[in-house]
Number of protein chains: 2
Amino acid sequence: MYFWANKTGFMFSLSEENYLKAIFHLENSYKGGVSTNALAEEMQTKASSVTDMIKRLSDKDLVNYKKYQGVKLSSAGKSAAIEVIRKHRLWEVFLVEKLGFNWDEVHEVAEQLEHIKSEKLTNELDKFLEFPKRDPHGDPIPDAQGNFSVANRALLSDLEEQQTGICVGVKDSSTEFLQYLDKNQISLGKEIRVLEKEEFDQSMLIEMDGNELMISNLISANLFIKTT
Amino acid sequence: MYFWANKTGFMFSLSEENYLKAIFHLENSYKGGVSTNALAEEMQTKASSVTDMIKRLSDKDLVNYKKYQGVKLSSAGKSAAIEVIRKHRLWEVFLVEKLGFNWDEVHEVAEQLEHIKSEKLTNELDKFLEFPKRDPHGDPIPDAQGNFSVANRALLSDLEEQQTGICVGVKDSSTEFLQYLDKNQISLGKEIRVLEKEEFDQSMLIEMDGNELMISNLISANLFIKTT
DNA sequence: TCAATTTTTTAGATGAGACTAAATTTATTT
DNA sequence: AAATAAATTTAGTCTCATCTAAAAAATTGA
């Protein structure tokens, strides 16, 4: 296994970084500690492998862990996770803005690039991209100090009839969802008005660019909106 | 260990790619097959580890190997090595041209970036950089088909008195050597004239930018020159 | 040539990170 | 409060890539 020093002088493997990132993402949904099974699901691995890794992370004080009680990131673990997320999102901007990738093509490559260890590279890339605040999916990009804005945004599915808003992000960044959005010309920055909400299945009739479009709950529950 | 498919559908680990690259570089000096010890020296590892890896590479038909007789790359191994070298040199250009790195700062980062698996990324990066022919150290960059020019270049140490030439590359890309060159304002493109050669220690008095400079054989034997 | 030296390979061990199967703990029902 | 189910951990095994120590092959040289 290959290791490099990060800016705090500690070393994390590819696998450790991926676990830290996964725990960070899951902490939003699991406030009392991320469960082993949830982490196994997120990491596409087995619960026993997760337990192994959690112990290693715990030994390095990257997480707080008590048997059977799930994990939480320590402050060191959180910094490390944010650093990886910062790199991931910066690279996504690079791929889209500079290399002409579509927003549905960047995830897999950014998953690799996020592990490159060079503080200078990260910061120079940030500067080259003119310090972007959000990635191509509308997610906030942490700055060099790890700070980032927690967006004031709602899900389209939570809007009422006749409310309007600007599309500012996607919750699901899968290729399939993003390609659906492309096909229906839904992109960040578009203004959307809710015309009708169907109680039965939560589907919606929306207006966008002067056209009407019917969308299911699966769509509206994955689109972030800034209400206007 | 993490694997990804490359463009030929095969999968190579980080370590395998590094060995292939090392063998490729050493094949210039070891025509009859690269020795285990030479490879161990290049890879900064033990001979026994090299033997292990050579067997793995041989099982995958990336090298031709017979016990005690050194290794040679197979054509598949050579393609894989060239692909890694292509990526390494493209990233070096990116770091210098776009992110403002100095030529002595790029190697370590490019060593990481060269392993990113995405044919689209490599080719789009190539396009973004406007298909550079050489990296910041003057080494040729293979194109998408793996072709690259074998330069018509000599070492400065081989020039005779009064011969002139353009500096087109460095043989040693170490930070120390590159910083020496920076300090003495020697860079690619500079015209150099050999004024005097000292037989005893092979040191040279050269003229560059109208100034005279005394350099040792260690310097002149690591500068590539295109004679004029 | 044949003994000494060098090079290379084998044998056995290790650590990281994954796995399966079994055991244990916690949670849920009746 | 048992009984059952679900979640989690332990125990043991596997592969990759490394290591050390020892054996074997190749090379060198008196």
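Within every chain, numbering begins at 1; the chains are lettered A, B, ... in the order of the sequence lines, protein sequences first and strands thereafter. Just so it is clear, the model here is predicted, and its values are computed rather than measured.
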Distance-only donor-acceptor test, Thr36(B) side-chain atoms vs dT9(C) base atoms, 3.5 Å: no
Contact residues, residues 21-31 of chain B to DNA chain D [heavy atom, < 4.0 Å]: none
N or O in side chain of Lys55(B) less than 4.0 angstrom from dT10(C) OP1/OP2: yes
Whole-Å distance separating the CG atom of Leu57(B) from the P atom of dC16(D): 12 Å
Rounded interatomic separation in angstrom, taking CG from Leu14(A) and C1' from dC16(D): 14 Å
Side chain of Lys46(A) (C-beta onward), nearest among dT20(D), dC19(C), dA26(D): dC19(C)
N/O (side chain, Ser48(A)) to phosphate O (OP1/OP2, dT9(D)) under 4.0 Å: no
Pi-cation contact, Tyr65(A) with Lys72(A) (under 6.0 Å, within 45°): no
Residue that, paired with Glu114(B), satisfies salt bridge (charged side-chain N to carboxylate O under 4.0 Å, His left out) out of Lys87(B), Arg89(B), Lys21(B): Lys21(B)
Length of the CG-P vector between Asn18(A) and dG17(C), whole Å: 11 Å
Between P of dT8(D) and CD of Gln69(A), the distance in whole Å: 11 Å
Nearest-neighbour nucleotide for the Asp52(B) side chain, dT8(C), dT18(D), dT10(D) considered: dT18(D)
Thr45(B) side chain near dC19(D) phosphate (N/O to OP1/OP2, under 4.0 Å): yes
Asn64(A) side chain near Val71(A) side chain, heavy-atom distance below 4.5 Å: no
Base dT10(D) to side chain Thr51(A), donor-acceptor N/O within 3.5 Å cut-off: no
Between dT8(C) (C1') and Ile54(B) (CD1): distance, integer Å: 10 Å
Within-4.5 Å side-chain heavy-atom neighbours: Phe94(A) and Leu129(A): yes
Donor + acceptor pair across side chains of Asp182(A), Trp103(A) (<3.5 Å): yes
Atom-to-atom span, CG of Asp59(B) to C1' of dC16(D) - whole angstrom: 13 Å
Short side-chain N/O contact to dA6(D) OP1/OP2 from Asn37(A), under 4.0 Å: no
Rounded interatomic separation in angstrom, taking OH from Tyr19(A) and P from dA18(C): 5 Å
Gap between atoms CD and C1', on Glu16(B) and dT18(D) respectively (whole Å): 14 Å
Side chain to side chain, Leu223(A) and Leu181(A), heavy atoms closer than 4.5 Å: yes
Pair His88(B), Asp135(B): side-chain N/O donor-acceptor within cut-off below 3.5 Å: no
Below 4.0 Å: OP1/OP2 of dT10(D) and any side-chain N or O of Tyr68(A): no
Any Arg56(A) side-chain nitrogen or oxygen under 4.0 Å from OP1 or OP2 of dA16(C): no
N/O (side chain, Ser13(A)) to phosphate O (OP1/OP2, dG17(C)) under 4.0 Å: yes
Under 3.5 Å side-chain donor-acceptor pair for Ser35(A) and Asn37(A): no
